[in-house]
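Have a look at the structure below, then the notes.
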Amino acid sequence: MVRVTTPGVRLLPNAITVLALCAGLSSVQFALIDNYPMAIASVGIAAVLDSLDGRIARLLDATSKMGQELDSLSDGISFGVAPALVLYVWHAQGERIGWVASLIFAVCMILRLARFNTLIEDTEQPPYAGEFFVGVPAPAGGLLAMLPLILELQFGKGWWSHQYMVWVWTIAVAALLISRIPTLSLKTVKAPPKAIAPLLVGVGLLAAAIIQFPLVALAIALILYLAHIPYSVYRYRWLAKHPEAWMARPRERRAIRRSTSRRRLGLRPPLRRVVAGAAQRVRLQRGEQHVARAPRTLSTDKDRENGRGPRRRSWRRIGLRKR
């Protein structure tokens, strides 16, 4: 079946990208009039729109080279230039160090997007690389840079809103943008059918939390995103060491992970048959040699008289204590 797309449908993803660009730039205007909650909300709206335009373009089969370039330019302005200017207007007060930190953040965001565009055309990456971003993605980086502002609006002034602490944080987030640290991509996360209903309930609770406590919910989400980075690094390295799990399903990956963890801990698989006594589970001490037992045979009266009958089991030989 051939899908036919009209020119109006092809225009829809690009229109969403332009709306995201307008939302990101509007945050600067809200910061100039000291309306910082709306400045944060504008960047959040730009992040939501940025996550929708690519998915809609793929669903409608309306992807194009122009759309990719427009999306990159929009991300650079909405999540690089706009947050940097908001932070400068909020806390710089004309100081040079504030402007330098804002420039570093904006430049690192542009470099991160340029590297992302080159990695899209790279066909030599392993299959598991599609599950990760290289560095922190642009929407998350733009919101992470504004975390000190979010905390001050919610909890008041503190160490998190100190001037030099804000600029150190801004430069640290800029370093995460251009780093090689792998971060999980939500685009490849798949939920099993049994988890759909609980996830929908969780989405409803999240929406209620955002409506009632928007700044607290956003701050918690950003902190949890930072906390997931060590797990993402561990998962990336584990997949690199286990090529057999690259194309496996989530259930098969869990089985492989359990088997590898069992081998690493030195555990043995369960016995297939029941063995009488605990002698079979006693480990040999270091330096002892394992001698295979001969099959048990029936002894005659003559063998017993000559002392060649079967040996009796000794409690000390099998490693048990006599009661």
Side-chain angles (χ1 to χ4, degrees), residues 9-31 35-60 62-63 67-87 105-106 109 112-113 116 132-133 135-147 149-151 153-154 173 176-177 183-191 196 199-226 228:
V9 172
R10 284 187 169 275
L11 184 62
L12 182 60
N14 294 335
I16 295 176
T17 305
V18 172
L19 289 177
L21 172 62
C22 295
L25 278 177
S26 297
S27 65
V28 181
Q29 191 268 338
F30 285 119
N35 192 351
Y36 293 108
M38 284 303 300
I40 297 171
S42 299
V43 178
I45 292 172
V48 173
L49 294 175
D50 179 71
S51 64
L52 292 177
D53 56 0
R55 289 180 172 84
I56 293 177
R58 287 187 292 270
L59 288 174
L60 299 178
T63 58
Q68 294 178 2
E69 298 297 332
L70 181 62
D71 183 71
S72 297
L73 293 174
S74 174
D75 290 349
I77 295 175
S78 300
F79 309 119
V81 176
L85 292 178
V86 170
L87 294 175
F105 180 80
M109 180 65 72
R112 186 258 178 281
L113 293 170
F116 177 78
F132 302 90
F133 289 115
V136 174
L143 291 173
L144 282 174
M146 304 178 73
L147 183 59
L149 176 59
I150 296 172
L151 294 178
L153 293 176
Q154 181 62 38
V173 175
L176 288 176
L177 291 172
T183 55
L184 288 177
S185 174
L186 296 179
K187 298 178 181 179
T188 58
V189 175
K190 297 181 181 180
I196 292 178
L199 283 177
L200 292 177
V201 174
V203 170
L205 294 176
L206 179 61
I210 292 175
I211 294 173
Q212 297 297 327
F213 311 99
L215 295 178
V216 175
L218 183 57
I220 293 175
L222 293 176
I223 293 173
L224 290 177
Y225 183 82
L226 287 175
H228 103 283

Do you know which two heavy atoms are closest between [X] and [Y], and how far apart they sit?
{"X": "F105", "Y": "F79", "answer": "CE2-O, 3.4 Å"}
{"X": "M146", "Y": "G142", "answer": "CG-O, 3.4 Å"}
{"X": "V136", "Y": "R112", "answer": "O-NE, 3.0 Å"}
{"X": "M109", "Y": "L177", "answer": "CE-CD1, 3.6 Å"}
{"X": "A138", "Y": "L113", "answer": "CB-CD2, 3.9 Å"}
{"X": "L149", "Y": "Y36", "answer": "CD2-CD2, 4.0 Å"}

Quiz prompt | Spatial distance of atom CG (L21) from atom CG (D71) [nearest 0.5 Å] | solution =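 It comes to 10.5 Å.
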Practice problem: Quick one: pull up CD1 in I16 and CD1 in I56 and give me the separation to the nearest 0.5 Å. | Solution: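 Separation between the atoms: 3.5 Å.
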Practice problem: May I ask you to decide if S74's main-chain N or O and S78's side chain share a donor-acceptor pair within less than 3.5 Å? | Solution: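 Yes, S78 side chain to S74 backbone: donor-acceptor pair under 3.5 Å.
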Quiz item: Side-chain contact, heavy-atom cut-off 4.5 Å: T183 with F132?
Solution: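 They are not in side-chain contact.
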Self-check item: V81 vs L25 side-chain heavy atoms within contact, under 4.5 Å
Solution: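 A side-chain contact is absent here, since even the closest heavy-atom pair is not under 4.5 Å.
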Which pairs would a plain distance check flag for residues 215-225, meaning a side-chain donor or acceptor within less than 3.5 Å of a matching protein atom at least two apart in sequence or in another chain?
none

Could you pull out all donor-acceptor pairs under 3.5 Å where a side-chain atom in residues 41-54 meets a protein atom, sequence neighbours excluded?
residue	atom	partner	partner atom	Å
S42	OG	M38	O	2.8
S51	OG	V48	O	2.6
D53	OD2	T17	OG1	2.9

Exercise. Output all residues satisfying side-chain contact (heavy atoms from CB on, under 4.5 Å) with A82, sequence neighbours left out; order by chain, then residue number.
Key: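 With neighbours one apart ignored, the set is S27, V28.
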